[in-house]
Amino acid sequence: QLAAIGGVSVQCAQTVILGRHDLRMTTVLRLFAALGRRMRISFGRTLETGLEHIEKLVKKLEKSNNRVIPGEEVFRLYDTYGFPYDLTEVIAVERGYTLDKDGFDNAMQRQQEQSKAGTKFVSADFHIPIEWQESTEFIREALSVKTVLKRAHEIPNESKSEVLLALVLNKTPFYVESGGQISDTGRIVGSDFEIEVTDVKLQAGTYVHIGTLTKGKADDVVLAAMQLSTIEAIVDAEHRWDIMRNHTATHLAHAALRKVLGTHVKQSGSYVGPDRLRFDFSHHQPLTPDESERVEKIVNEEIIKGTPVKTDLMPVEEAKKSGAMALFGEKYGDTVRVVSVDKFSKELCGGTHVENIGQIGPFIITLETGVASGVRRLEAITGREAVKMMLEDKKMAREVGTIVGRQREEIVKGVEQLKENNALLQKELKKAKTEAFTGGAKQIGTEIEIDGIHLITHHFGETDRDIMSGWIDKQKESSQAL
């Protein structure tokens, strides 16, 4: 029924789906009411398809006397039909069923791993043997540590000019890619070798450091591992700081978006690198220029306050009850890290962050676009990249001001005036060309006679079609055969 009604009301949707009101459904219905007609039709079809699938599942489970909907089926609803997990849970509870949350999380994780498989470097082809599998201690607060080199292996590499190695340490200061934040880079230095670390992978709880040999021989590194030699692992500090600025700014942007657009905004994915941050979020329409400016302003005003960034370890359920935002579909352990900025932002996050938001520097939104139905994407820069853009913009404004002969505050008026003058000149030029080309048949063009037929040609260069048409019409007015 919902799919057939383009203008379905919130009350109708509420009656068909639940027949009751609860907090989660209120959010769904409020968002539903805000959608345009075309998207309401699409959402209605999603509901209809999902409800049909759930009905089939319920009938199947009734025969087996099972009251738990398998996680794989819940994930199929989410992945194939776009049916939200929360909505499936609400409907299931209404019918007296529960969901296999662990099964859903496992299916989600498998899909995320498969989607990343196509973008791995050659290093991803290396998988550590079973005897390598042991947990690595991550030293979060340090940028360099003295540690033991436990394993080393040369990775087959097509490039003959580079030697690629995989290393395992007993403890490491290198952050491994997780939660959208990319891995650290840096160096591993031994007594007679040095390796430039370009990537870090997590395999079976083991941090695998991938890097290129810049000093020494591969055999030296393997021998050092066999001897359990002490080496130094050094994180690229500038690279880490750029990432931390962007990661903390991502949290601030999330909070600002919820303030400007509403609490229906939820994170749908992210990328945090040294060059930029990318934040995907749930929202049904593009941001207006005013909304984008408000988000940017709110974030920068928070940064100026210089509030300390606080990190706490607590049980996951306690963290959620405290109001910390959790990423939908993300799998958390029993104990989680909660990163908060006073009362402005509070999220579950295992990434690295600045100590004080004043260290982020300027925050500039560079892009806002759509990536899927109901999902928007915001990209922004901070710190050194933001300062670089500001200086480039300042230089550009100065150069434009010189061209139009205006001061900075009057540049826009100067460009507008230049545009108007150009349009006027183009109009006058067109008029002059028209008068010149149509002034007389004998004056413009080359004329030859072929068997009594007069052929007149002329090369017009960049003259527009209207002028050429006028010239042709002028020739047609002559009494001779053309």
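Excluded from the calculations below are hydrogen atoms, water molecules and symmetry mates; all remaining heavy atoms, backbone and side chain alike, are included.
The pair K101-E89 does not meet the salt-bridge criterion, since no charged nitrogen lies less than 4.0 angstrom from a carboxylate oxygen. In this structure, R245 pairs ionically with D242, as a charged nitrogen and a carboxylate oxygen lie closer than 4.0 Å. The pair R276-E385 fails the salt-bridge criterion, with no side-chain N (NZ, NE, NH1 or NH2) lying under 4.0 Å from an Asp/Glu carboxylate O. A salt bridge is absent between K395 and D393: the closest approach of a Lys/Arg side-chain nitrogen to an acidic carboxylate oxygen does not fall below 4.0 angstrom. We find that E416 and K419 are not joined by a salt bridge, their nearest charged nitrogen and carboxylate oxygen being 4.0 Å or further apart. R384 has a carboxylate O that lies under 4.0 Å from a charged side-chain N of E238, or vice versa, which qualifies the two as a salt bridge.
A heavy-atom distance below 4.5 Å is not found between the side chains of E347 and V338.
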As a quick check of understanding, evaluate side-chain contact (heavy atoms from CB on, under 4.5 Å) for L99 and T88, giving each step before the final call.
CA-CA 8 Å; L99 305 185; T88 303; 4.1 Å; yes
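Checking T307 against D342 by side-chain atom types alone, no donor-acceptor pair falls below 3.5 Å. T172 and E137 form no side-chain donor-acceptor contact under 3.5 Å, judged by distance and modelled atom types alone.
When each of H251, H247, H254 is tested with F279 by the rule ring-ring contact (aromatic ring centres under 6.0 Å, His included), just one qualifies, namely H254.
For R278 (side chain) and E379 (main-chain N/O), no donor-acceptor pair under 3.5 Å exists by modelled atom type. A donor-acceptor pair under 3.5 Å is formed between the side chain of N246 and the backbone N or O of G273. Side-chain atoms of H209 come within 3.5 Å of backbone atoms of L167 as a donor-acceptor pair (strictly under, hydrogens ignored). Judged by distance alone, with hydrogens and angles left aside, the side-chain atoms of N300 form a donor-acceptor pair with the main-chain N or O of F363 at under 3.5 Å. Not one N or O on the side chain of N66 forms a donor-acceptor pair closer than 3.5 Å with the backbone of L61. Between the side chain of E72 and the backbone N or O of F104, no donor-acceptor pair lies under 3.5 Å. Between the side chain of S282 and the backbone N or O of H264 there is at least one donor-acceptor pair closer than 3.5 Å. Under a 3.5 Å cut-off, the side chain of S345 and the backbone N or O of V341 do not form any donor-acceptor pair. A distance-only check finds no donor-acceptor pair linking the side chain of T206 to the backbone of S135 [under 3.5 Å].
Cation-pi geometry between R376 and F281 is not satisfied (NZ or CZ under 6.0 Å from the ring centre, within 45° of the ring normal).
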